[in-house]
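Written out below as structure tokens is the structure these notes cover.
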Protein chains: 2
Amino acid sequence: MKVLSKVSEYGLRALLYMVAKRGGQEYVSIREMSERLDISFHFLTKILQMLTQANLLISYRGPNGGVAFKKPPEEIRLSEVVLILEGDDYFDKCLLGLPGCGDRQPCPMHQFWKEIKGSLKKEFDHTSLAEMGQIAVSRHLRLVP
Amino acid sequence: MKVLSKVSEYGLRALLYMVAKRGGQEYVSIREMSERLDISFHFLTKILQMLTQANLLISYRGPNGGVAFKKPPEEIRLSEVVLILEGDDYFDKCLLGLPGCGDRQPCPMHQFWKEIKGSLKKEFDHTSLAEMGQIAVSRHLRLVP
DNA sequence: CGGAATTAAGAGTATTTTATCTTAAATTAG
DNA sequence: CTAATTTAAGATAAAATACTCTTAATTCCG
Ligand code: SF4
Ligand code: SF4
């Protein structure tokens, strides 16, 4: 049950790294993150570019450049990140992959599926990057030595 | 938010077709299903072979052959099908795709994620193919003319 | 028996996702 | 200004997933 693509996984891990590193208000080098998190530099660059173009981050080139949060990570919701990286229809998919999921004459899964999607969305809407960034990082991303 | 691969989607749609067609106790031709459901014949064949090898279906070759349920669809749980087609670790994945999801020192998503996975599993364990097969088919799979 | 219908199995192809390489543009430090 | 550093962007490559083709095996029916 995988709900996020590599793009989102890597993007989130990088964002969490930034949170863990002095709140991400300073520019953090993409190179550094790619090395510490063991993610392909160019791939990560592209992912963070998406977030930059979506106005979630700002970037700066040249020595000591990198990316930084445009607003504090306390105010960035997980859902915001996921919608950017996975597409706007992320929370609006049919369980069986059929087009045109309607509420009229739904199959028995429909209501339940809608609820599952709803609670995921609710939780994603609820959770800020700041919140996420506490333990995850030190625990799983081999950060903070 | 896509939780099932095409393999599962197609597999389930075929199983639901079988349920809708006289309970799936008779052999149903794979060719017929592939045409009615607009799924590649050979691809569907392979998917149903997986289910046959997993002892969920039995198959019969030759004229009037096809596949049939080995036990009544009332007794087949959605989770059973999904575990066969997606792999046994289906309900045991980390949200961020990190290996070794443990309960000790989890990130703030862990508990929530565990609950989401839990309710999906519970619902999948709960739902039989027979239950699913009512409206879905006529409504979405352009069956029942 | 012999031919037609049908699933089984494996090889081969195409598409999508994931990852890398190359070059360009911006910025800074000296 | 120049050289080093760093992100931006696009082309290319590798891997995974999705799909197709070919051949074989089984069964039915005349
Ligand atoms: S009713 Fe069921 S099959 Fe139809 S679109 Fe909704 S979830 Fe999918
Ligand atoms: S604690 Fe969070 S990041 Fe770590 S394995 Fe569990 S869900 Fe994944």
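The chains referred to below are lettered A, B, ... by the order of the sequence lines, with proteins before strands, and numbering in each begins at 1.
- In this structure, the CD atom of B/Glu35 is 13 Å from the C1' atom of C/dA5, given to the nearest Å.
- A donor N or O paired with an acceptor N or O is not found under 3.5 Å between the base of C/dT7 and the side-chain atoms of B/Lys46.
- A/Phe124 and A/Tyr90 have parallel rings, their planes meeting at less than 30° on a 0 to 90° scale where 60° marks the start of perpendicular.
- The phosphate of C/dA19 has OP1 or OP2 within less than 4.0 Å of a side-chain N or O from A/Tyr10.
- Interface remark: the B/His42 side chain does form a donor-acceptor pair with the D/dT22 base, using a distance-only criterion of under 3.5 Å.
- Between B/Ile30 atom CD1 and D/dT27 atom C1' the separation is 15 Å, expressed in whole Å.
- Out of C/dT7, D/dT7, C/dT18, the shortest distance to the side chain of B/Ser29 is found at C/dT7.
- Rounded to a whole Å, the CE atom of B/Met50 is 17 Å from the P atom of C/dT7.
- Across all strands shown, B/Phe41 has heavy atoms under 4.0 Å from base atoms, whether or not it also approaches the sugar-phosphate.
- The shortest distance between side-chain heavy atoms of B/Leu12 and A/Leu95 does not fall below 4.5 Å.
- In terms of phosphate contacts, B/Ser40 brings a side-chain nitrogen or oxygen within less than 4.0 Å of OP1 or OP2 of D/dT20.
- Atom NZ in B/Lys2 sits about 11 Å away from atom P in D/dT17, given to the nearest Å.
- Counting heavy atoms from C-beta outward, A/Leu57 and A/Phe69 have side chains that approach closer than 4.5 Å.
- When side chains are defined from C-beta on, A/Leu129 does not count as touching A/Met18, because their heavy atoms never get closer than 4.5 Å.
- Rounding to whole angstrom units, CZ of residue B/Phe43 and P of C/dT15 are separated by 14 Å.
- Among the atoms of the strands shown, only primed sugar atoms or phosphate atoms (P, OP1, OP2) are found under 4.0 Å from some heavy atom of A/Gln53.
- Taking atom CD1 of residue B/Ile58 and atom P of nucleotide D/dT27, one finds them 12 Å apart after rounding to whole Å.
- The side chain of B/Arg61 sits closest to C/dT6 out of C/dT6, C/dA29, D/dA9.
- Where A/Pro63 and A/Leu48 meet DNA chain D, the nucleotide closest to each residue was compared, and A/Pro63 sits on the side nearer the 5' end.
- For the pair B/Gln49 and C/dT7, the criterion of a side-chain N or O lying under 4.0 Å from OP1 or OP2 is not met.
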Could you walk me through whether B/Gln53 and B/Gln49 pass side-chain hydrogen bond (donor to acceptor under 3.5 Å, both in side chains), step by step? CA-CA 6 Å; B/Gln53 283 159 4; B/Gln49 270 172 35; 4.6 Å; no

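- Here A/Tyr60 reaches the OP1 or OP2 of C/dT28: one of its side-chain N or O atoms lies under 4.0 Å away.
- Using a 4.0 Å cut-off, no side-chain N or O of B/Thr52 falls inside it from OP1 or OP2 of C/dT7.
- The nearest whole Å value for the distance from the CG atom in B/Leu44 to the P atom in D/dA18 is 14 Å.
- For the pair A/Tyr27 OH and C/dA26 C1', the interatomic distance rounds to 12 Å; values are reported in whole Å.
- One finds a side-chain N or O of A/Ser59 lying less than 4.0 angstrom from the OP1 or OP2 phosphate oxygen of D/dA8.
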